[in-house]
Amino acid sequence: MLSRQVRSLLSSRLFSTATQDASSSSDVSNVQRELWRKPENPFLKTPQAWISSLETVEDTKLGLVDLHPDIFRTSPRIDILHRNITWQSVYRNVQMTKMLTKAEMPGGGRKPWPQKKTGRAHVGSIRAPQFIRGGFANGVRGPRTWFYMLPDAIRIQGLCVALTLKHSQDDLHVVDNIQNLQNGDPKFWIDLCEARNYGYSVLFVDDSDEVNGGLAEAQQSLPWLNVMPVYGLNCYSLIKYDTVVLSRSALETIEQRLLSHIHRAGPLNKKFRYMDYKEKILQEAEGEEDPHMPPVV
Amino acid sequence: MLCSSLRRLTSRSFFSTSALKNSEKVWENPWKHAIPERTKTLPTVEEISVDWSYVERLMPIEVIPEVPKHESYPTPSGWTPPTELGKTHPYFVRRRPDHMLPLYLERKRDLLNENTLDFDYVELVTVKNIDGDLFVSFCKENGGIERVESETTVKIIAQ
């Protein structure tokens, strides 16, 4: 959903080219794409990407597209990328174990034997840590979260850095269309990825969150081939998959959204509270059903 | 007046037209007549053209807009737009998204003054986002470079 101001700012420039793209899919890139608020830096070269087709095994190049340098040619801040990836792995962790202390264990209020003359150790309660079935002295205490939110600016820059690294290392491809492809044969897709040197795993990113056609069939049977909508884009997935393939519309959407956040009017350091996200995090895996693993509670 | 309005109310809520049409007696289906039938009436929808510009201009700005054209520069606040001359140097300093120069002031603790036994403080200006030839050109033209922080950042002693 475009905000009304982004819409008005972009309508005069991008939309004219976008409507042209929609009408003539064959000249999908021959129209020179006007990049919104392109930096005027004479030292910055505009990165470009080939647009190919997924209909045949061979890479048929349909054209060339300009990418926005603020997103696809930022400085390669690996420290920021690291922060993003560790944050993604860690901020949803919830620990439920609570190790009871000697005061919380049942019983153990009475001194089991007198202090002197028994020849046994000096002991105050049957549930002290030295006893079997006793409490823990410095155990893991209670529900605990590792929740924290990275500032918006760091997360935006993390995405830009991940996309920059993928593009500069030749792992980013742009494709004209992902929906309603003809061939759903897994063998065809294996041959395609082999011929184009996609690597160990491929991630297809599309504008909409539904896939129809050949790709839907293929990604069911191949575990290393996955499809994702634009709103699911994250640093961890971008680095995990060897190759990332964007559809043309997905590329436009990603650029629009990231640029609108980079040029946002307000501050980029909103405070987040765990209580606002607690339910969402705890219910994350509710709808998931795996044939082998037990359900997550 | 009052009794007619009451009759209208009772007729609307307690007696449904369908029961009268089917001519079902009250004792044949007492529950139906005990619980009044709830009929939903959807209101008619009519779109009225409203000039939303009066509301939109009061809403907060989401994206930083371009700076409007002024007659003369610098503006009363002291702002100058980026010029073509800026691109002729062997280096380039890129502006921030809010059209300001990337200059940041910092007050750092310097050496201990032996006479007063107080720390001397020095004011440094950090210039970020310098592309191109940092060492030779930028540092030469702007003397008094305290140190070079990174490939794109430099600290200058403020005069």
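By convention in this document, chain letters (A, B, ...) are assigned in the order of the sequence lines, proteins followed by strands, and residues within each chain are numbered from 1.
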More than 12 heavy atoms of other groups within 6.0 Å of [X] [atom1]:
X: Glu106(B); atom1: CD; value: yes
X: Tyr236(A); atom1: OH; value: no
X: Glu279(A); atom1: CD; value: no
X: Tyr148(A); atom1: OH; value: yes

- For Val63(B) and Ser260(A), which heavy atoms make the closest approach, and how far apart are they?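 Minimum heavy-atom contact is CG2-O, 4.3 Å.
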- Message: Looking at every non-hydrogen atom in both residues, tell me the closest pair between Pro97(B) and His263(A) and how far apart they are.
- Response: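 Result for this residue pair: CB-ND1, 3.9 Å.
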- With rounding to the nearest 0.5 Å, note down the distance linking CZ in Phe43(A) to CD1 in Ile130(B). 11.5 Å
